[in-house]
Amino acid sequence: MQLLDGVLVAKKIKADLLQLVKAEQDKGKRVPHLAAVLIGDHPASASYIKNKIRSCAEAGYESTLIHRDSSITKEGLLEIVDGLNRNEAIDGYIVQLPLPRHIDEQEILLAIDPKKDVDGFHPMNIGRMVIGLPAYVPATPLGILKLIEHYRIPTEGKHVVVIGRSNIVGTPVSLLLSRKAYPGNATVTLCHSKSTDLAEMSRKADILIAAIGTPHFVKADMIKDGAAVIDVGMNQIADPASKKGHRLVGDVDFEGVSRKAAYLTPVPGGVGPMTVCALMINTWTAYTGKIYG
Ligand SMILES: NC(=O)c1ccc[n+]([C@@H]2O[C@H](COP(=O)([O-])OP(=O)(O)OC[C@H]3O[C@@H](n4cnc5c(N)ncnc54)[C@H](OP(=O)(O)O)[C@@H]3O)[C@@H](O)[C@H]2O)c1
């Protein structure tokens, strides 16, 4: 079984980005600049943001963190978004989700200038991606594509089964893997909680992508021998043996599935680091102005 090592691939891509940035600096140009907006003190969100800021440093980017209390009003947050849209020194920015309940996430995401939407969540970018125009691709699906590409996993004519249809992972990754390109040209089945005979479906998958949010949902008897299994899930479970009292596990039963799969992502260390790395790729794209000029 080949482990799909997201830490290693992300490190290599960030080192390549750093070289590109250095080449720009040598020409006397400024470096790419990513801003991140964090609202409240959600520990998982704070930890994601920390990783993103650290990745910026690794790629040679400048970063700015805007952290506000969860009592911020919708108007207050829209003001920050407007400021970032106008700030010419910032190439791209993200608003870390989830937002406090009193703020409508969609309203905030719609206010982000699509040119700076490096998370790729704005309908303009989703729409452009769907019809094959250059667009910022959501970070987790882009990270998955980069992982498939790095390990040269064949996708053409293969059957991909995606479990989970979220706007940020399942739906975009299923669209991307069915487009006319590599990675792509696959026949894709998108499953969700209302799918019947899920195990029967997943056993037909050459490539199985699990984005469900349920620890160890995918067991060995749900996959076919030699499948590539990509585990997007990040679930915290109690673990009295660990210092923190909990640990991170995926949606896939790693131990059982590793005996049957040909390729498998670990959790942590698989899709997670690739997601952050994909954000760095999108920020570089924003800096170069290749999509919107
Ligand atoms: N590694 C990363 O960088 C990264 C990035 C994003 C998310 N994640 C993780 O990925 C997981 C999924 O997150 P998400 O935001 O994509 O999804 P989500 O919005 O939480 O939705 C979960 C999806 O799984 C489906 N589902 C739930 N139970 C199911 C079942 N019993 N059988 C079949 N399908 C089922 C749901 O179906 P319905 O639509 O019918 O409800 C839904 O489409 C979470 O653990 C999250 O933390 C990781």
Side-chain angles (χ1 to χ4, degrees), residues 3-10 13-14 36 42-55 94-99 105-106 109 118-121 126 136-148 160-177 188-205 208-219 221-223 229-237 246-254 264-282:
L3 202 66
L4 302 175
D5 188 341
V7 174
L8 184 111
V9 180
I13 294 175
K14 282 184 274 187
H42 197 273
S45 294
S47 148
Y48 298 151
I49 289 282
K50 207 170 119 192
N51 285 339
K52 289 168 187 176
I53 300 282
R54 192 192 304 134
S55 280
I94 58 163
V95 177
Q96 184 67 46
L97 302 180
L99 291 173
E105 282 182 1
Q106 286 308 324
L109 295 181
V118 284
D119 254 340
F121 294 162
I126 299 280
Y136 297 115
V137 171
T140 303
L142 180 59
I144 293 171
L145 295 192
K146 293 288 173 194
L147 207 52
I148 288 175
V160 174
V161 173
V162 179
I163 313 180
R165 56 178 163 186
S166 72
N167 286 342
I168 59 168
V169 187
T171 297
V173 83
S174 61
L175 286 163
L176 289 161
L177 285 169
V188 181
T189 305
L190 180 54
C191 300
H192 44 77
S193 70
K194 304 288 182 271
S195 298
T196 51
D197 302 324
L198 192 71
E200 200 178 307
M201 196 67 72
S202 65
R203 275 194 291 272
K204 291 186 181 140
L208 180 69
I209 300 178
I212 308 154
T214 305
H216 302 152
F217 182 94
V218 175
K219 306 273 194 276
D221 64 359
M222 290 174 69
I223 72 150
V229 180
I230 295 175
D231 188 353
V232 182
M234 292 207 302
N235 313 291
Q236 221 176 67
I237 61 163
H246 54 78
R247 70 188 162 100
L248 201 64
V249 298
D251 289 345
V252 174
D253 172 24
F254 186 88
L264 178 58
T265 56
V267 176
V271 175
M274 290 306 296
T275 296
V276 182
C277 171
L279 179 65
M280 298 302 121
I281 297 173
N282 281 344

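In listed order, ligands and their atoms are each counted from 1.
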request  = Collect the protein residues that have a non-hydrogen atom under 4.0 Å from ligand 1 and hand them over in chain and number order.
outcome  = Thr140, Ile163, Gly164, Arg165, Ser166, Ile168, Val169, His192, Ser193, Leu198, Ala211, Ile212, Gly213, Phe217, Val232, Gly233, Met234, Asn235, Val271, Gly272, Thr275

Tabulate below the donor-acceptor pairs under 3.5 Å that side-chain atoms of residues 264-274 make, not counting sequence neighbours, or state none.
| unit_1 | atom_1 | unit_2 | atom_2 | d |
| --- | --- | --- | --- | --- |
| Thr265 | OG1 | Asp231 | N | 2.8 |

task = For the residue pair Ile223 and Val218, establish whether any side-chain heavy-atom pair is separated by less than 4.5 Å.
result = yes

Backbone of Val137 reached by a side-chain donor or acceptor of Asn282 within 3.5 Å = yes

request  = Return yes if some donor-acceptor pair links the side-chain N/O of Asp251 with the main-chain N/O of His216 below 3.5 Å, else return no.
outcome  = no

key: Shortest non-hydrogen contact between Leu97 and Glu105, atoms and distance   = CD2-CD, 3.8 Å

note = Shortest non-hydrogen pair, Val161 vs Ser202, comes out as CG1-CA, 4.3 Å

